[in-house]
Amino acid sequence: MAQDAVTEAPEQGDGVRRRDFINIAAVSAAGVGAAGVLVPLISQMSPSADVLAESTTEVDIGAIKPGQAIKAMFRKQPVFIRNLTAKEQADAQAVATASLRDPQSLEDRTKPGKANWLITMGVCTHLGCVPLGSAEGEPKGEFGGYFCPCHGSQYDTAGRIRKGPAPKNLEVPEYTFTSDTVVKIG
Amino acid sequence: MIRLISILAGLFFTVALGWALILGVVGLAHDGLPTSAEKKFHEHPKELALASDGMFGKFDRQQLQRGFQVYKEVCANCHAIKLVAFRDLKALGYNEDEVKAVAKGYKVPAYNPGMGEMKTHDGTMADHFPPVVYAGQGSPPDLSLITKARHGGAAYVYSLLTGYQNPPADLPKENQPGAGLYYNPYFANLNIAMPKPLTSDGQVSYKDGTKATVDQMAQDVSAFLVWTAEPKLEKRHQTGWAVLGFLLFATILAYMAYRNVWADKKGH
Amino acid sequence: MSFPWANEYQPQHPLMQWLDAKLPLPRLVYNAIGAGYPVPRNLNYFWNFGVLAGVCLVIQILTGVILAMHYAGNADLAFNSTEHIMRDVNWGWMLRYMHSNGASAFFVVVYIHIFRGFFYGSYKAPREMIWLLGVVIFLLMMATAFMGYVLPWGQMSFWGAQVITGLFSAIPLVGDALHTWLLGGFAPDNAALNRFFSLHFLLPFVILGVVILHIWALHIPGSSNPTGVEVKSESDTVPFHPYYTAKDGWGLGAFLLIYCAVVFFAPNALGHPDNYIPANPMQTPAHIVPEWYFWPFYAILRAFTQNFPLLGIPAKLLGVMGMFSAILVWFFLPWLDRSPVRSGHFRPTFRKFYWLLVIDVAVLGYCGGSPAEEPFVIISQIAAIYYFLHFLVVLPIVSSIEQPEPLPFSITEAVLGSDQAASLAPAE
């Protein structure tokens with residue numbers, strides 16, 4: 001419809017082209033303005049400054065005995081911190097890595113010299129449920145690790161997917177040991 | 001018919017208002033215009049020029065740091081700035097470690113769901129300045145928004161801090177400061193419960209070598225409180241100029257397009 | 001309705017033809033704000049403000065929906081969540097300032113739109129329904145703006161909610177029960193805040209609906225114009241697009257320049273400092289005032305300081321009646337002003353009273369924003385008397401005795417002068 005203005009104007013050689021140009025420029029400027037307005041309208045939905053500031057968590061792991069696990073909160077999601085027994089470590093190491101759906105060894109998923117500390121997100125990689133197996137008495141699934149009740153994914157003692165619909169191993173977040181008993185996640 | 005009703009309605013309101021008006025005028029003739037000592041002795045804030053003023057205003061970060069120091073060493077004894085987070089202090093020009101050190105100096109209350117009770121932990125970047133427990137009478141206001149929550153803004157804070165004085169001789173008796181009150185003509189009702197906070201030059205010692213006169217400290221802390229109330233001021237000014245520049249350009253184009261479109265119509 | 005010479009929508013592209021056959025939405029737009037709507041060629045810039053009001057409504061809905069994503073409608077959280085928007089949410093400060101100043105901009109634009117209608121007699125037949133719907137929109141805007149102002153839960157929010165809901169307690173017999181029902185309690189608290197939030201979200205969409213009716217009703221007789229003379233022939237009109245889209249486009253640019261200057265460089269100039277103090281039910285601010293756009297009506301409310309003589313109607317009830325009547329009287333305007341001439345340009349007596357009304361409302365506004373003490377009370381009483389006399393007495397009388405000036409034969413004659421008009425206008 002923008003052309004109507006031009007076609008109705010009397011034809012007069014160069015004059016028409018200049019007019020055409022200004023009308024198109026004005027409409028384009030309006031388009032650029034509208035696109036510019038979209039920037040704040042979209043970015044307001046990204047995490048706000050206070051949410052970003054809470055993106056690290058320090059956890060005291062001194063009280064976790066071998067075979068036990070705790071759930072900690074990191075970015076409003078559960079993190080499983082598990083102190084593996086020697087047998088659980090051996091079970092995990094006995095599996096041929098290449099045969100796994102998401103091939104990773106226990107060493108890939110723990111810090112050097114701290115292979116007993118398995119720290120993973122408590123979020124099933126299938127559709128985000130919290131797997132069972134971190135607390136005393138919860139089912140740990142066929143492979144002695146974690147079991148997700150939503151759709152039956154089974155994780156082993158290294159938190160690797162062994163059976164069920166989940167595509168990946170439980171995610172290992174970034175973390176560092178700030179001392180022997182304190183781990184800083186994020 | 002409708003006109004008759006409307007004229008009657010008009011007369012109804014005229015009588016109601018006219019009666020009130022007559023009584024009002026009689027009362028005014030009898031008593032004169034109301035005056036109060038509060039109005040007579042109250043003073044408007046003094047002039048205060050800050051770097052953040054005006055459409056090009058930016059914060060003077062050195063001054064904000066000095067103001068923060070005054071806040072921390074003087075005001076913070078009674079007044080909180082609960083809306084400010086420690087992480088925000090980076091905007092004052094501090095680096096991450098300096099901010100962490102500031103945060104660590106504060107005990108932040110936190111609810112511990114495991115214990116079902118309140119406990120405190122050392123402040124972190126993610127925490128806000130904690131509330132201040134004030135032991136005395138009254139309730140010192142939170143200062144986070146104070147420069148936006150008072151007429152006169154920063155100039156008011158500055159004037160109040162430097163405005164303590166002896167009551168004038170002709171101040172009526174009922175306006176004399178009572179026990180625990182201090183005369184300050186910049187305060188709304190002339191008598192404020194806060195004792196003079198900035199008492200002497202050198203009350204704080206500035207790291208940047210600025211001489212800490214009472215006037216300087218009052219200016220600095222006022223500038224700091226402009227920042228706590230409106231931390232996005234600089235971004236607002238910058239964005240504003242970009243937006244106005246673009247709009248001016250687009251409006252001129254739109255005006256030219258309008259002239260084009262109407263060129264064949266006489267009378268425009 | 002349509003003028004016989006209105007352009008007809010003729011889609012060229014097969015897709016548009018297909019769409020036109022199944023759902024003629026493009027045709028609707030074309031006939032509403034496109035080349036298919038003939039508009040008088042002589043509209044002045046006061047006719048830009050209808051479109052600007054629509055733009056304001058869109059700004060408010062867009063920014064409002066976004067603010068609602070971050071706001072918490074709870075008395076304990078509302079104030080801090082507003083500051084969370086100002087400090088932590090990406091661009092939150094800008095969106096909130098756009099919204100709070102957008103309300104002011106909306107009222108500026110709508111007041112100009114209304115006073116344009118007063119002057120040019122836009123409320124007169126055959127456009128009464130447009131006017132009535134417009135008054136409904138204005139009432140809805142007032143309700144929406146009031147409830148929106150409560151949401152930040154500052155001191156003015158709280159005490160505004162207290163005072164304005166208190167108006168309803170003036171109604172005899174049911175007043176107190178109504179007041180409690182409105183608040184869902186005995187004072188403003190969570191219940192009131194939450195329902196205001198809910199309604200503040202709902203009402204703008206109701207406004208949008210009534211705006212559509214307002215525009216629909218406008219398209220029956222077509223736009224009025226500064227001469228008040230009805231359109232007679234094609235030479236009196238131009239198609240809305242491109243002529244008025246171009247004019248509204250540049251008008252919009254000019255409006256946005258002023259609006260953004262306020263948003264970015266004086267965002268708190270129209271607000272009140274006390275609303276940056278968290279709500280405190282134990283302490284009323286020294287001087288409570290509503291937002292500026294309510295000041296004239298607030299002044300009328302406060303002007304009734306005495307019970308009605310002899311009848312003993314309480315002053316409180318009179319004030320509430322007066323305040324609501326001040327707006328409700330607009331509903332009757334088409335029947336109070338019976339002059340057959342629309343435009344104030346040709347009504348010398350009406351014109352003088354019109355400007356007196358403009359000054360009167362400005363005076364009321366000034367008094368409404370001032371403390372409730374002398375001399376403002378007396379001034380607002382005089383001004384309120386004139387306000388009611390203007391609509392209820394002056395307009396009916398003036399319109400029946402006034403001798404209007406001669407009208408131009410047609411819009412074309414008014415624009416081009418009579419010589420050319422004679423050759424252009426009635427020929428067909």
Side-chain angles (χ1 to χ4, degrees), chain B residues 2-3 6-21 23-25 27-28 33-34 55 83-85 88 141-142 144-146 148-151 153 188 229-232 235-237 239-241 243-244 247-248 250-255 257-258 260-262 265-268, chain C residues 41-42 80 83 86-88 93-94 97 238 242-243 246-247 249-250 252-254 256-257 260-261 263-265 267-268 273-274 276-278 286 303-306 308-309 313 315 318 322 325 329 332 335-336 338 373-375 377-378 381-382 384-385 388-389 391-393 396-397 400 415-416:
Chain B
I2 186 164
R3 274 186 269 184
S6 85
I7 290 172
L8 286 176
L11 289 178
F12 172 81
F13 285 120
T14 305
V15 170
L17 287 162
W19 177 241
L21 176 63
L23 293 183
V25 171
L28 197 60
L33 276 177
M55 294 175 81
L83 295 172
V84 181
D88 296 335
D142 187 279
S144 314
L145 283 168
I146 203 76
K148 286 205 301 202
R150 295 288 183 276
H151 285 289
E230 185 87 356
K232 296 290 176 3
K235 187 159 190 206
R236 173 156 67 74
H237 287 173
T239 315
W241 282 111
V243 168
L244 288 192
L247 277 176
L248 189 64
T251 305
I252 290 170
L253 269 183
Y255 180 73
Y258 156 69
N260 272 345
V261 168
W262 281 83
K265 296 287 168 192
K266 199 194 161 196
H268 284 270
Chain C
R41 61 188 291 171
N42 60 335
N80 282 353
E83 279 304 314
M86 294 296 288
R87 289 158 191 271
D88 293 335
W93 57 272
M94 186 175 89
Y97 279 151
V238 293
Y243 289 95
K247 192 173 181 180
W250 108 259
L252 174 63
L256 287 177
L257 268 172
C260 288
V263 165
F264 289 103
F265 297 105
N268 293 307
D274 280 27
Y276 281 109
I277 304 170
F304 292 87
T305 53
Q306 298 290 338
F308 196 89
I313 304 171
L318 285 173
S325 302
V329 67
F332 300 95
W335 298 278
L336 294 174
R338 301 305 294 269
E373 58 190 37
E374 301 298 357
V377 177
I378 284 181
Q381 281 161 345
I382 296 169
I385 289 175
F388 287 111
L389 288 182
F391 286 105
L392 295 168
V393 179
I397 293 176
S400 50
V415 174
L416 299 179

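In what follows, every chain begins at residue 1, and chains take the letters A, B, ... in the order their sequences are listed.
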Side chain, backbone, both or neither of [X] within contact of chain C (heavy atoms, under 4.5 Å):
X: B:Ile252; value: neither
X: B:Ala250; value: neither
X: B:Ala85; value: neither
X: B:Val25; value: both
X: B:Leu244; value: both
X: B:Leu28; value: side chain

When B:Pro141, B:Gly24, B:Gly10 are compared by non-hydrogen pairs under 4.5 Å with chain C, the top option: B:Gly10
Top contributor to chain C interface from B:Asp88, B:Thr251, B:Val15 [non-hydrogen pairs under 4.5 Å]: B:Thr251
Any residue meeting side chain to side chain donor-acceptor pair (under 3.5 Å) with C:Trp250, in chain and number order, not counting sequence neighbours: C:Tyr45
Parallel, tilted or perpendicular, as decided by the 30° and 60° cut-offs, for the rings of B:Tyr258 and B:Tyr255: tilted
B:Phe13: partners by ring-ring contact (aromatic ring centres under 6.0 Å, His included), with sequence neighbours left out: C:Phe388
Roughly how far apart are [X] [atom1] and [Y] [atom2], rounded to 0.5 Å?
X: B:Ser144; Y: C:Tyr276; atom1: OG; atom2: OH; result: 13.0 Å
X: B:Trp262; Y: C:Arg41; atom1: CH2; atom2: CZ; result: 7.5 Å
X: B:Ile7; Y: B:Ile2; atom1: CD1; atom2: CD1; result: 11.0 Å

